[in-house]
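Proteins come first, then strands; the chains are lettered A, B, ... in the order of their sequence lines, and each starts at number 1.
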Protein chains: 2
Amino acid sequence: MSSQFTGAMVQRFVDLCRDRGTPATPQRIEIYRALAGSEAHPTPEMLYDQVRLSMPSMSLATVYKTLDTLVALGVASEIATTGDAKRYDANMEQHHHLVCTQCHSISDFRAPAFERIPLIAPEDFTPEFVSIRVHGLCKKCKASPPHS
Amino acid sequence: MSSQFTGAMVQRFVDLCRDRGTPATPQRIEIYRALAGSEAHPTPEMLYDQVRLSMPSMSLATVYKTLDTLVALGVASEIATTGDAKRYDANMEQHHHLVCTQCHSISDFRAPAFERIPLIAPEDFTPEFVSIRVHGLCKKCKASPPHS
DNA sequence: TTTCGGTTGATAAAAATTATCGCGTTAGAT
DNA sequence: ATCTAACGCGATAATTTTTATCAACCGAAA
Ligand SMILES: [Mn+2]
Ligand SMILES: [Mn+2]
Ligand SMILES: [Zn+2]
Ligand SMILES: [Zn+2]
């Protein structure tokens, strides 16, 4: 999400809140702005640190509660990871992820070859959507291998 | 992993331990057997409960430590989830997963269409492997929708 | 048999997440 | 304008999950 779009995303978020009757509080707006403005698929703690810069009274519990709200509203999703903290994504477009096996960074990835993955499943499973993740070494970790 | 193969997997595990100089202790064998014999991609807690049936002295800490060992040996892997506990898999063959959006069950899935997914990535990312997960409703949850 | 390094089980500690609750704000009713 | 009820917020406690610590134990090797 390049920052030039973040403002528009926030505006759409505020509009959606009005439509749904969910109060668009300053806290919710700032948390959503931080999430929408990040490409790191941040953890609650990371969002907490970011939001406190402009809103020092922010509580970590509010970050957790708001992230639940954002997911329920359909403007964010939780990402499956093997890490020790939850990670969120405000990019609701169909896309996939690059996951670094070394530093566990996650970045968006879209490729035509992945656009038309068939939505298949066994008889007794009702598929809804597919997510693909490409595991490997990110640019940074390729450049600086683990200090032996 | 149908149970008839579990014995063979355990045997290969013991052999591998000998090759690597890693003691194949009774605890490790029982934990590996429980994991290899499960199709549920169990959590440490689930494995702990299972192993205690035959080895009541088992400690939960040993389960955690052993799972780390199994992953390091390359005979198990941790699965990325959005859940609140780690989940493990002893199936090291290339395969993918069906993830129930309702009960969060995970089951193995192989399909020819997924066998030849290209290992692609942007220029600056070195891809190693791809994992695909199909999200949807499992058989059980399809049959019994959430009690309204 | 003695030694020694690694493993186990018990437990404490840490980290992450969720629950609780009083307060403040606000929308709506009077 | 005032009152009231509902809801969100921040503080904090509690819970859950995972990791660290450490003494006792075990088995291989001397
Ligand atoms: Mn993303
Ligand atoms: Mn599997
Ligand atoms: Zn990396
Ligand atoms: Zn299900």
Side-chain angles (χ1 to χ4, degrees), chain A residues 13-14 16-35 41-73 75-88 104, chain B residues 13-14 16-35 41-73 75-88 104:
Chain A
F13 167 64
V14 173
L16 178 68
C17 286
R18 177 167 45 251
D19 290 352
R20 299 287 190 83
T22 302
T25 65
Q27 287 87 349
R28 284 172 176 166
I29 292 172
E30 283 311 295
I31 292 166
Y32 179 77
R33 190 196 312 282
L35 179 60
H41 304 83
T43 66
E45 194 79 32
M46 290 164 66
L47 292 168
Y48 177 55
D49 290 342
Q50 173 64 32
V51 170
R52 265 192 304 176
L53 296 175
S54 59
M55 195 179 275
S57 64
M58 174 65 61
S59 162
L60 180 57
T62 296
V63 175
Y64 276 99
K65 286 181 284 199
T66 296
L67 286 169
D68 285 347
T69 302
L70 296 182
V71 171
L73 284 170
V75 299
S77 62
E78 188 190 340
I79 296 180
T81 74
T82 54
D84 49 13
K86 295 186 171 185
R87 298 184 71 163
Y88 289 86
H104 304 109
Chain B
F13 167 65
V14 173
L16 178 68
C17 285
R18 177 169 45 250
D19 290 352
R20 299 289 189 83
T22 301
T25 64
Q27 287 87 347
R28 284 172 175 164
I29 292 172
E30 282 312 293
I31 292 166
Y32 179 76
R33 188 196 313 282
L35 179 60
H41 304 84
T43 66
E45 193 80 31
M46 290 163 67
L47 292 168
Y48 177 55
D49 290 341
Q50 173 64 32
V51 171
R52 264 192 305 174
L53 296 176
S54 60
M55 195 179 274
S57 64
M58 174 66 60
S59 162
L60 180 56
T62 297
V63 176
Y64 277 98
K65 286 180 285 200
T66 296
L67 286 168
D68 285 347
T69 302
L70 296 183
V71 170
L73 284 171
V75 298
S77 62
E78 188 190 340
I79 296 180
T81 74
T82 55
D84 49 13
K86 295 186 171 185
R87 297 184 71 162
Y88 289 86
H104 305 108

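- When the C1' atom of C:dA12 is taken as reference, atom OH of B:Tyr64 falls 15 Å away, rounded to whole Å.
- Between chain A and DNA chain D, the heavy-atom contact criterion of under 4.0 Å yields a 5' to 3' nucleotide range of D:dG8 to D:dT12.
- Checked against C:dT8, C:dT17, C:dA10, the side chain of B:Gln27 finds its nearest nucleotide in C:dT8.
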Verdict with reasoning, B:Thr22 to B:Leu16, per side-chain contact (heavy atoms from CB on, under 4.5 Å):
CA-CA 8 Å; B:Thr22 301; B:Leu16 178 68; over 6 Å; no
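- Spacing between atom CD of B:Glu30 and atom C1' of C:dT8 amounts to 15 Å, rounded to whole angstrom units.
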Could you go through A:Thr69 and A:Leu73, starting from their C-alpha distance and side-chain angles, then the distance that decides it, and tell me whether this counts as side-chain contact (heavy atoms from CB on, under 4.5 Å)?
CA-CA 6 Å; A:Thr69 302; A:Leu73 284 170; 4.1 Å; yes
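- Across all strands, B:Thr62 comes closer than 4.0 Å to base atoms (heavy-atom distances).
- At a threshold of 4.0 angstrom between heavy atoms, the contacts of A:Lys86 are confined to the sugar-phosphate backbone, with no base atom among them.
- Nucleotide C:dA16 holds its P atom 14 Å from the CG atom of A:Leu47, rounded to whole Å.
- A donor-acceptor pair is defined here as one N or O able to donate and one able to accept, closer than 3.5 Å; no such pair exists between the side chain of A:Arg87 and the backbone of A:Thr43.
- In this structure, NZ of B:Lys65 is placed 10 Å from P of C:dT7, rounded to the nearest angstrom.
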List the atom pairs, donor and acceptor, that lie under 3.5 Å between side-chain atoms in residues 48-57 of chain A and the rest of the protein, sequence neighbours left out.
residue, atom, partner, partner atom, Å
A:Asp49, OD1, A:Arg52, NH2, 2.9
A:Ser54, OG, A:Glu30, OE1, 3.4
A:Ser54, OG, A:Val51, O, 3.3

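- In terms of position along DNA chain C, the nucleotide closest to B:Met58 lies nearer the 5' end than the nucleotide closest to the other residue of the pair A:Ala61 and B:Met58.
- Protein atom CG of A:Asp68 is 12 Å distant from nucleotide atom C1' of C:dA19, rounded to whole Å.
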Working for side-chain contact (heavy atoms from CB on, under 4.5 Å), residues B:Asp68 and B:Val71
CA-CA 5 Å; B:Asp68 285 347; B:Val71 170; 5.9 Å; no
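- Summarising the geometry, the separation between CG on B:Leu60 and P on C:dT8 is reported as 14 Å, rounded to the nearest angstrom.
- A:Thr43 comes within 4.0 angstrom of nothing in the nucleic acid, heavy atoms only.
- With hydrogens and angles disregarded, a donor-acceptor distance shorter than 3.5 Å links the side chain of B:Thr66 to the backbone of B:Thr62.
- Both B:Asp84 and B:Ser59 lie close to DNA chain C; mapped to their nearest nucleotides by heavy-atom distance, the more 5′-ward contact belongs to B:Ser59.
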For residues 78-85 of chain A, run the donor-acceptor check on the side chains, cut-off 3.5 Å, and write out each pair with its distance to 0.1 Å, sequence neighbours left out.
residue, atom, partner, partner atom, Å
A:Thr81, OG1, A:Gly83, N, 3.1

